[in-house]
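Residue numbers run from 1 in the order of the sequence given.
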Amino acid sequence: MIQDYDNLRNNMVHMQLEARDISHQPTLEAMRKVERHLFVPSQYQRRAYEDNPLPIGYNQTISQPYIVASMTQLLEPNKDDCVLEIGTGSGYQAAVLAEIVKEVYTIEIVKDLGERTKKLMHTLGYNNVTVIIGDGYKGFEAKAPFDAIIVTAASKEIPPPLIKQLKEGGKMIIPVGSPSEVQTLILLQKRNGKITKTKLIQVRFVPLTRSRENKNS
């Protein structure tokens, strides 16, 4: 059966996002535009607009639409922003951000997954997304500071390099806690060189993994 993905996507935005607490118009417009079914394996495409995470291979998942929208809204991204994402996955969150901001740098530690997503971004014409294969814990100092940083994998701590690479006035959102337990989504803001932290909702994310040579650094 041929799926009407446009209709499913519009229903997703209306029923899962607008009906809850997502009101940031750029986020809603991006979620209406980005075709989530293109970011999941073919066997899951018919379920792409359900309010659930889905497997994308390599023991990774694509977050549920509401979480993607909520994290994006919390960052309050602007059209001139440069954003760093840690945990590229299939690229869905990066694509949503790319519809709103000027530039997205996204880091994926799983090489094959990162290369696959890099090709997908090129195919879909997201020329303002740069996929980097590497250890996201260290951030991407070459393009720092960033207006916003979004971490889409759970970390036991907030990586100090990411705090350092956040621009004055910038925001970072990250799930913090043990990968084996429920984590807490935390919003950080840098003001006058100081960091304020706000605890938000309970979430579940795959763990933020590190390259072997950097685990002890």
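Applying the side-chain hydrogen bond (donor to acceptor under 3.5 Å, both in side chains) test to T72 and every residue at least two apart in sequence or in another chain returns Q93. In terms of the side-chain hydrogen bond (donor to acceptor under 3.5 Å, both in side chains) criterion, N128 has no residue partners (sequence neighbours excluded). Scored by the side chain to side chain contact (heavy atoms under 4.5 Å, CB included) test, V176 finds I158, I174, I186 as partners (sequence neighbours excluded). Partners of R32 by side-chain hydrogen bond (donor to acceptor under 3.5 Å, both in side chains), not counting sequence neighbours, listed by chain and number: E18. Applying the side-chain hydrogen bond (donor to acceptor under 3.5 Å, both in side chains) criterion to T106, with sequence neighbours excluded, gives E85, T88. When the salt bridge (Lys or Arg N to Asp or Glu O under 4.0 Å) test is applied to E35, no partner is found at least two apart in sequence or on another chain.
Residue pairs meeting the ring pair (Phe, Tyr, Trp, His ring centres under 6.0 Å) criterion with at least one partner in residues 111-136, sequence neighbours excluded, are absent. Residue pairs meeting the ring pair (Phe, Tyr, Trp, His ring centres under 6.0 Å) criterion with at least one partner in residues 81-111, sequence neighbours excluded, are F39-Y92, Y105-F140. Counting only residues at least two apart or on different chains, the salt bridge (Lys or Arg N to Asp or Glu O under 4.0 Å) pairs with a member in residues 62-76 are E76-K171.
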Side-chain atoms of residues 187-195: list all donor-acceptor pairs with protein atoms under 3.5 Å, sequence neighbours left out, distances to 0.1 Å.
unit_1 : atom_1 : unit_2 : atom_2 : d
K190   : NZ     : I163   : O      : 2.8
K190   : NZ     : L166   : O      : 2.7

Identify every side-chain donor-acceptor pair in residues 142-156 under 3.5 Å, counting partners at least two apart or on other chains, and give the distances.
unit_1 : atom_1 : unit_2 : atom_2 : d
D147   : OD1    : K167   : NZ     : 3.0
D147   : OD2    : C82    : N      : 2.8
T152   : OG1    : I86    : O      : 3.1
T152   : OG1    : G87    : O      : 2.6
S155   : OG     : E157   : N      : 3.2
S155   : OG     : E157   : O      : 2.4

Between side-chain atoms of residues 41-55 and protein atoms elsewhere (two or more places apart, or another chain), which donor-acceptor pairs fall under 3.5 Å?
unit_1 : atom_1 : unit_2 : atom_2 : d
Q45    : NE2    : H37    : O      : 3.0
R47    : NE     : E50    : OE1    : 3.2
Y49    : OH     : R9     : NH1    : 2.9
Y49    : OH     : R36    : N      : 3.0
Y49    : OH     : H37    : N      : 3.3
Y49    : OH     : H37    : ND1    : 2.7
E50    : OE1    : N52    : ND2    : 3.4
D51    : OD1    : Q64    : NE2    : 2.9
D51    : OD2    : R20    : NH1    : 3.1

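The number of heavy-atom neighbours closer than 6.0 Å to CG of N10, taken from other residues, nucleotides and ligands shown, is above 12.
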